[in-house]
Amino acid sequence: MDRQVIQSTGFHNIKDEEGKVVGFTFRVRLPYYRGIYLSQLRPGSCFVDGEKFTKDEITWVFNGEEYTWQELAEDFHTHWVPNVCAAIRVKKEGGLAQGFHDIKYGYSFESSYMPPMMESDEALNPDAESPIFMPEFGHHVNERRLLIV
């Protein structure tokens, strides 16, 4: 597992059952030592080479199960542990071209024992840096250049 949140492995185009390229995927790790329940996640938009993909075009995959952002918000039972990566799947007809791509992706999460100012909509906005920089609590927009071959 890489130290960076966006992992260097697992970046590739994805195909549907008919073999048509329908998007791409990459992996992220949880920078928080305790783990979280999926309902605590606040997923954001994904930017690839400046192109924006909204949370409606993104699903998260944990242990083979795929979740929309609405399903994440309602799942109070599934726990994401720090030593297991999640796959992020992004819908994009035709996928991404071979070569290097700049990925920017942020997500945040709530923690029940954090002060209210750290749980505000501004502090938990996954598309912008938090006014309180604490990457170990997920309040960070992550960037990485990855290669699709």
Parallel, tilted or perpendicular: ring planes of Y105 versus W60, cut at 30 and 60 degrees: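 If you compare the ring of Y105 with that of W60, the planes turn out tilted.
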Output, in order, the C-alpha distance, side-chain angles, deciding distance and verdict of side chain to side chain contact (heavy atoms under 4.5 Å, CB included) for L146 and H101. CA-CA 5 Å; L146 295 177; H101 297 278; 5.8 Å; no
Determine the minimum heavy-atom distance between [X] and [Y], stating which atoms define it.
| X | Y | value |
| --- | --- | --- |
| N13 | I148 | OD1-CD1, 3.9 Å |
| K52 | S45 | CE-OG, 3.3 Å |
| C46 | I103 | SG-CG2, 4.4 Å |
| H79 | G35 | NE2-C, 3.5 Å |
| L72 | Y67 | CD2-CB, 3.7 Å |
| F11 | L96 | CZ-CD1, 3.7 Å |

Side chain to side chain contact (heavy atoms under 4.5 Å, CB included) evaluation trace for Y107 with V5: CA-CA 10 Å; Y107 65 88; V5 170; 3.9 Å; yes
Is there a donor-acceptor pair closer than 3.5 Å between any side-chain N or O of [X] and the backbone N or O of [Y]?
| X | Y | value |
| --- | --- | --- |
| E57 | T54 | yes |
| E71 | T68 | yes |
| W80 | V84 | yes |
| D49 | D102 | yes |

Crowding at CD, E93 (>12 non-hydrogen neighbours, <6.0 Å):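 Counting neighbours around CD of E93, 12 or fewer heavy atoms of other residues, nucleotides or ligands fall under 6.0 Å, so no.
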Would you say N63 has more than 12 foreign heavy atoms packed within less than 6.0 Å of its CG? no
For a side chain to side chain contact (heavy atoms under 4.5 Å, CB included) check, start with the C-alpha distance between E143 and I6, then their side-chain angles and the critical distance, and finish with the verdict. CA-CA 7 Å; E143 297 184 49; I6 297 174; 5.8 Å; no
So among R27, R29, R144, which one has a salt bridge (Lys or Arg N to Asp or Glu O under 4.0 Å) with D2?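 For D2, the salt bridge (Lys or Arg N to Asp or Glu O under 4.0 Å) check succeeds only for R144.
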Under a single-linkage definition using a 4.5 Å side-chain heavy-atom cutoff for Ile, Leu, Val, Met, Phe, Trp and Tyr, are W69 and F47 assigned to the same hydrophobic cluster? no
Apply the test side chain to side chain contact (heavy atoms under 4.5 Å, CB included) to residues K92 and I14: give CA-CA distance (whole Å), side-chain angles for both, the deciding distance (0.1 Å), then the verdict. CA-CA 9 Å; K92 178 177 173 53; I14 51 178; over 6 Å; no
